[in-house]
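Comments concern the structure below.
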Amino acid sequence: MPEPPYYAEKTGVRLAVRLTPRASRNGLDRIVTGADGRPALQLRLAAPPVDGAANKALIVFLAAALDLRKSDITIRSGETSRLKILHLAGNSPAIVARIDAWLAGQS
């Protein structure tokens, strides 16, 4: 398995996402390597990148996939970029386990 796209912090987990808006379906594609050489989750969402719709859809999608509250997910950087850094607030080991289980289920 490639290097994980997340990093556990004291207050939660930092997650790198590469988002493709206006896709035909919502879903996880794979782990990709960005231009900076760091891994990121490649996600596709049907929402358009207009007025923050794709960012809102991303938060809803991840909250459902990882069984988190929407308020626990914040975009730290990349509001208007395809590459986003998210913070998932909560118990880091539990969130990492959920991410790993989700990724394993997508294989």
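The basis for the numbers below is simple: all heavy atoms, side chains too, and nothing from hydrogens, waters or symmetry mates.
- The salt bridge (charged side-chain N to carboxylate O under 4.0 Å, His left out) check on Arg76 picks up Glu9, with sequence neighbours excluded.
- In this structure, the separation between NZ on Lys84 and CG on Leu58 is 7.0 Å, given to the nearest 0.5 Å.
- In this structure, the side chains of Tyr6 and Leu86 stay at 4.5 Å or more apart for every pair of heavy atoms.
- Distance check: Leu19 CG to Phe61 CZ gives 10.0 Å after rounding to the nearest 0.5 Å.
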Which atom pairs, one a donor and one an acceptor, fall under 3.5 Å between side chains of residues 23-31 and the rest of the protein, sequence neighbours left out?
unit_1 : atom_1 : unit_2 : atom_2 : d
Arg25  : NH2    : Asp29  : OD1    : 2.9
Asn26  : OD1    : Ala46  : N      : 2.6
Asp29  : OD2    : Arg44  : NE     : 2.4
Asp29  : OD2    : Arg44  : NH2    : 3.4

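- Using a 4.5 Å cut-off on side-chain heavy atoms (C-beta onward), Val32 and Leu41 make no contact.
- Val60 and Ile95 sit in two unconnected hydrophobic clusters of ILVMFWY residues. Membership requires side-chain heavy atoms under 4.5 Å apart, directly or through other members.
- Leu45 and Ala57 make their closest contact through CD1-C, 3.8 Å (heavy atoms, listed as atom of the first residue, atom of the second, distance).
- Qualifying side-chain contact (heavy atoms from CB on, under 4.5 Å) partners for Lys56, counting only residues two or more places apart in sequence or in other chains: none.
- Contact detail for Ala53 and Ala47: the closest heavy-atom pair is O-CB, 3.8 Å.
- In this structure, Pro48 and Arg22 approach most closely via the heavy-atom pair CB-NE, 3.3 Å.
- Arg38 places no side-chain N or O within 3.5 Å of a backbone atom of Thr33 that could act as its donor or acceptor partner.
- Transitive grouping of hydrophobic side chains (ILVMFWY, heavy atoms separated by less than 4.5 Å) brings Leu43 and Leu103 into a common cluster.
- Evaluation of the side-chain hydrogen bond (donor to acceptor under 3.5 Å, both in side chains) rule for Ser77 yields no partner, not counting sequence neighbours.
- Residues Arg18 and Pro5 are not in side-chain contact: their nearest non-hydrogen atoms beyond the backbone lie 4.5 Å or more apart.
- For the pair Asp72/Leu88, no side-chain contact is recorded, criterion being any heavy-atom separation below 4.5 Å from C-beta on.
- Side-chain contact between Glu79 and Asn55: present, with at least one pair of heavy atoms (C-beta onward) separated by less than 4.5 Å.
- By the 4.5 Å heavy-atom criterion applied to side chains, Val17 and Gln42 are not counted as neighbours.
- In plain terms, the two heavy atoms of Arg69 and Ala63 that are nearest each other are C-CB, 4.2 Å.
- When side chains are defined from C-beta on, Lys70 does not count as touching Leu62, because their heavy atoms never get closer than 4.5 Å.
- Every residue meeting the side-chain contact (heavy atoms from CB on, under 4.5 Å) condition with Ala16, not counting sequence neighbours, appears here in chain and number order: Ala40, Ile85.
- Between the side chain of Ser92 and the backbone N or O of Gly12 there is at least one donor-acceptor pair closer than 3.5 Å.
- For Ala94, the side-chain contact (heavy atoms from CB on, under 4.5 Å) test picks out Asn91, with sequence neighbours left out.
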